[in-house]
Amino acid sequence: MTETAGHLFLTGEMGIGKSTLLKKLMARTEGPVGGFFTVKSEQVFPGRSSLHLLSLKEPLIPSASNFLAFCGERKEETAKRFNRLGPAALTAVKNPGLLVIDELGPHESEALLFWEAVFHALDGPVPVLGVLQKAASPFLEKVRSHPRVKVVEVTRENRDKMMDFLQDHEKVLMKSGSL
């Protein structure tokens with residue numbers, strides 16, 4: 001393994017601005033960006049909130065084809081969907097300069113193929129920018145404790161200055177100069 005990149009994950013309370021910061025950092029990256037965003041939608045299945053995994057290689061539009069789960073439900077089918085969609089999104093872009101993983105949470109607890117793809121990315125040479133839910137699970141603890149992962153908490157008090165902090169600490173993000 002060639003250690004050319006560090007990985008940065010943002011964490012914090014829901015709605016604090018983690019994904020917004022991630023998108024701002026991502027916009028500074030030159031070259032192709034791979035990975036995914038997860039989003040909640042009320043539009044795909046009328047009357048139900050659903051979670052979708054949107055590959056950065058595809059249009060970022062929630063649909064039945066990128067459906068992961070209904071909000072509040074944890075089922076075996078959710079793990080199967082993570083195992084199908086997640087690894088494909090992480091490998092869809094050839095030679096990315098950056099991988100985005102937005103976001104990781106407890107829904108993935110049974111998705112072992114997805115875990116494998118995430119840790120393959122973390123062990124690889126491409127820098128990863130991501131979001132970790134502020135939750136407890138063996139998967140999230142393993143990501144947090146990965147030797148090349150730095151986790152930064154976004155709070156109401158620091159979120160407005162977080163972009164400056166992250167720009168001042170670009171070496172945390174990567175050694176390869178992609179950002």
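Everything numeric in this text was worked out from a predicted model, so none of it was measured.
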Calculate, to the nearest 0.5 Å, the distance between atoms [atom1] and [atom2] belonging to [X] and [Y] respectively.
| X | Y | atom1 | atom2 | value |
| --- | --- | --- | --- | --- |
| I16 | M162 | CD1 | CE | 10.0 Å |
| E116 | L90 | CD | CG | 12.0 Å |
| L56 | F36 | CG | CZ | 9.0 Å |
| L132 | K18 | CG | NZ | 10.0 Å |
| Q43 | S63 | CD | OG | 13.0 Å |

Do [X] and [Y] make a side-chain contact, defined as non-hydrogen atoms from C-beta onward lying under 4.5 Å apart?
| X | Y | result |
| --- | --- | --- |
| F37 | K23 | yes |
| T11 | V154 | no |
| Q133 | P106 | yes |
| K150 | V152 | yes |
| F82 | L112 | no |
| N95 | P32 | no |
| F114 | P87 | yes |

| said: Can a donor-acceptor pair be found, under 3.5 Å and without considering hydrogens, that links the side chain of W115 to the backbone of E108? | reply: yes

Shared ILVMFWY cluster between [X] and [Y], side chains joined below 4.5 angstrom?
| X | Y | answer |
| --- | --- | --- |
| I101 | F139 | yes |
| F67 | I61 | no |
| L113 | L104 | no |
| V149 | F119 | yes |
| V44 | L51 | no |

Look at the aromatic rings of H52 and F45 and report parallel, tilted or perpendicular, splitting at 30° and 60°. parallel

Checklist entry - So H146 and H7, would you call those rings parallel, tilted or perpendicular, with 30° and 60° as cut-offs? => result perpendicular

Heavy-atom nearest pair, K134 first then G12, reads CB-O, 3.8 Å

List the steps, then state whether side-chain hydrogen bond (donor to acceptor under 3.5 Å, both in side chains) holds for H107 with S109.
CA-CA 6 Å; H107 277 93; S109 62; over 6 Å; no

**Request:** Salt-bridge test for E42 and R48: reply yes if a basic N is under 4.0 Å from a carboxylate O, no otherwise.
**Result:** no

For L85, the side chain to side chain contact (heavy atoms under 4.5 Å, CB included) test, sequence neighbours excluded, returns L53, L68

